[in-house]
Amino acid sequence: MFHYDFDWSVLWRHPYGAMFAKGVWTTVSLSLVAWGIALALGLMVALCRVMPCRPARILGGAYVEALRNIPLLVQLFFWYFAAPALLPKAIERWLYANVRDLPYYLAILALGTYTAARVAEALRSGLLAVPPGQLRAAFSTGLSQTGTYWHVIVPYAFRIVVPLLSTEFLTCFKNSSLAMTVGVMEATGTASYIDSFTFHGLETTTAASLVYLATSASVILLMTWIEKKLHIPGMIVRRD
Amino acid sequence: MDWQVILRNLEFMVGGLALTAQLAAIALTGGLLWGILLGLGRLSRSPWIYYPATLYVHFFRSQPLILVIFWFYFLVPVITGKPLGTFVSTVIAFVTFEAAYFAEIVRAGVQSVPKGQVAAGYSCGLRYHQVQLYVILPQALRSMLPALTTQAVVIFQDTSLAYVIGLREFLRRVNLVDTREARSIELYCFAAFVYLVLCLLGSRVAHRFERRREVALP
């Protein structure tokens with residue numbers, strides 16, 4: 001047992017230190033951009049699901065069911081291997097020739113659209129939790145339907161689901177590690193990449209896991225503070 | 001488009017589903033058993049049990065599964081001195097990881113059992129482990145059933161991550177066929193369809209459990 005020489009210097013020694021830092025930065029930027037897409041798209045899907053219009057509801061429901069029941073890795077492979085081939089040949093060739101970080105952008109799309117389905121479920125529960133009196137009150141003040149949703153219902157729903165959204169953001173952050181399978185050098189990918197030169201994967205994966213731990217802890221602390229600021233008086237707050 | 005490619009390689013790819021199912025089943029039972037212990041630990045009044053269990057659950061819930069799989073892949077040979085193969089290290093990673101999620105489900109389930117049940121159990125002369133085993137857990141497990149089924153679906157999806165260390169489960173086999181046949185669109189649509197159907201079935205079961213519970217506990 002334990003015939004292993006630990007060499008933690010692989011974490012900072014040239015060239016691995018810079019590699020690792022770049023990997024962490026890629027994880028952060030990847031998950032933040034994907035999160036932005038997920039919020040915007042998720043809101044649209046959630047609104048579709050509560051609209052009186054039946055086709056919109058069915059479409060929104062189908063989106064959520066399909067994307068939540070297919071593993072993210074399969075979706076990622078679809079975006080990476082299959083999606084460019086669906087485009088016209090000329091565009092496909094142009095993409096491969098001119099976009100240097102193509103896997104990175106495709107991973108963002110995959111993660112963003114996948115997380116959007118989860119965000120949509122969270123937001124839908126929020127939209128349904130808005131007391132119906134709010135809707136009628138907004139209408140009776142003369143707001144249009146768009147105005148009612150934009151100024152009253154959506155902000156209300158967002159405040160209700162802040163705790164759910166912070167959980168979803170962390171899930172998105174953790175899921176960004178899957179991008180390594182299509183060659184994006186984010187934190188997890190870099191950890192295993194450095195192992196292929198140094199055979200010190202145990203140290204690099206430990207370091208990567210500490211990065212995820214630290215990020216989760218700080219996001220939870222930040223969000224607990226924001227939740228306290230944003231919580232609606234009279235509604236249940238998360239203690240813990 | 002050449003959908004024949006799926007039929008030509010169907011046997012090979014579906015063969016991978018057996019490994020996927022095996023991995024999911026072991027992860028489910030192992031994770032649930034370990035998760036029950038951790039969940040009870042999270043409810044323990046002794047700080048020597050409560051804090052380690054809480055730390056464990058919070059730590060693994062903050063980690064991406066793919067990283068945990070890697071970590072055990074590197075760690076297991078160091079501890080045992082010889083490589084045990086990817087399947088063993090993947091199974092250890094899955095049980096360790098999923099137990100943290102099961103622990104939270106178990107905790108919520110146990111907390112949903114009315115306190116009077118514990119008191120009633122003790123007043124019958126049962127000991128702590130007897131109260132948990134014969135009184136609390138049977139009731140808690142029943143109310144946890146929808147959440148457990150949902151988690152089982154999640155685990156089934158998660159098994160695809162074993163791809164990263166080369167385990168030949170379903171998705172890896174689809175990927176292998178693709179490298180040979182170069183039919184990405186058809187093959188990944190097929191993979192997506194298989195997962196979609198199986199997971200939708202699982203979700204339906206979870207939904208049914210949920211409705212049945214609503215009737216049972218008004």
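Letters go in sequence order (proteins before strands), and every chain restarts at 1.
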Would you say that more than 12 heavy atoms from the other residues, nucleotides or ligands in this model lie under 6.0 Å from the CZ of A:R93, or not? no
Any side-chain heavy-atom pair of B:L67 and A:Y212 under 4.5 Å: yes
For atom CZ of B:F59, decide whether the heavy atoms of other residues, nucleotides or ligands shown that lie under 6.0 angstrom number more than 12. yes
Chain A heavy atoms under 4.5 Å from B:Y163: which part of the residue, side chain, backbone, both or neither? side chain
Residues in residues 200-211 of chain A near chain B [non-hydrogen atoms, under 4.5 Å]: A:G201, A:L202, A:T205, A:T206, A:A208, A:S209
Given a strict heavy-atom distance threshold of 4.5 Å, which part of A:N175 is in contact with chain B: side chain, backbone, both, or neither? neither
For the OG1 atom of A:T171 and the CZ atom of B:R61, what is their distance to the nearest 0.5 Å? 8.5 Å
Nearest 0.5 Å, please: how far is OG in B:S160 from CG in A:L178? 7.0 Å
Using a heavy-atom distance cut-off of less than 4.5 Å, which residues of residues 11-40 of chain B contact chain A? none
Distance, nearest 0.5 Å, that separates CG of A:D195 from OH of B:Y73: 8.5 Å
Taking A:K174 for the side chain and B:I66 for the main chain, is one N or O donor matched with an acceptor at less than 3.5 Å? no
Check whether any side-chain heavy atom of B:S203 lies under 4.5 Å from a side-chain heavy atom of A:N69, and answer yes or no. yes
Around B:F60, counting heavy atoms of other residues, nucleotides and ligands shown, do more than 12 lie under 6.0 Å from its CZ? yes
For chain A, which residues from residues 164-178 of chain B have at least one heavy atom closer than 4.5 Å to it? B:V164, B:L171, B:N175, B:D178
Side chain, backbone, both or neither: which part of B:L161 has a heavy atom under 4.5 Å from chain A? both
Out of curiosity, B:Q157 CD to A:R68 CZ, how far, rounded to the nearest 0.5 Å? 9.0 Å
Residues of residues 71-81 of chain A with any heavy atom under 4.5 Å of a heavy atom in chain B: A:P71, A:L73, A:V74, A:F77, A:F78, A:F81
Which residue out of A:A82, A:S192, A:A83 racks up the most heavy-atom pairs below 4.5 Å with chain B? A:A82
Do other residues, nucleotides or ligands put more than 12 heavy atoms under 6.0 Å from the CZ atom of A:R54? no
Other residues, nucleotides and ligands only: do more than 12 of their heavy atoms fall within 6.0 Å of CH2 on A:W25? no
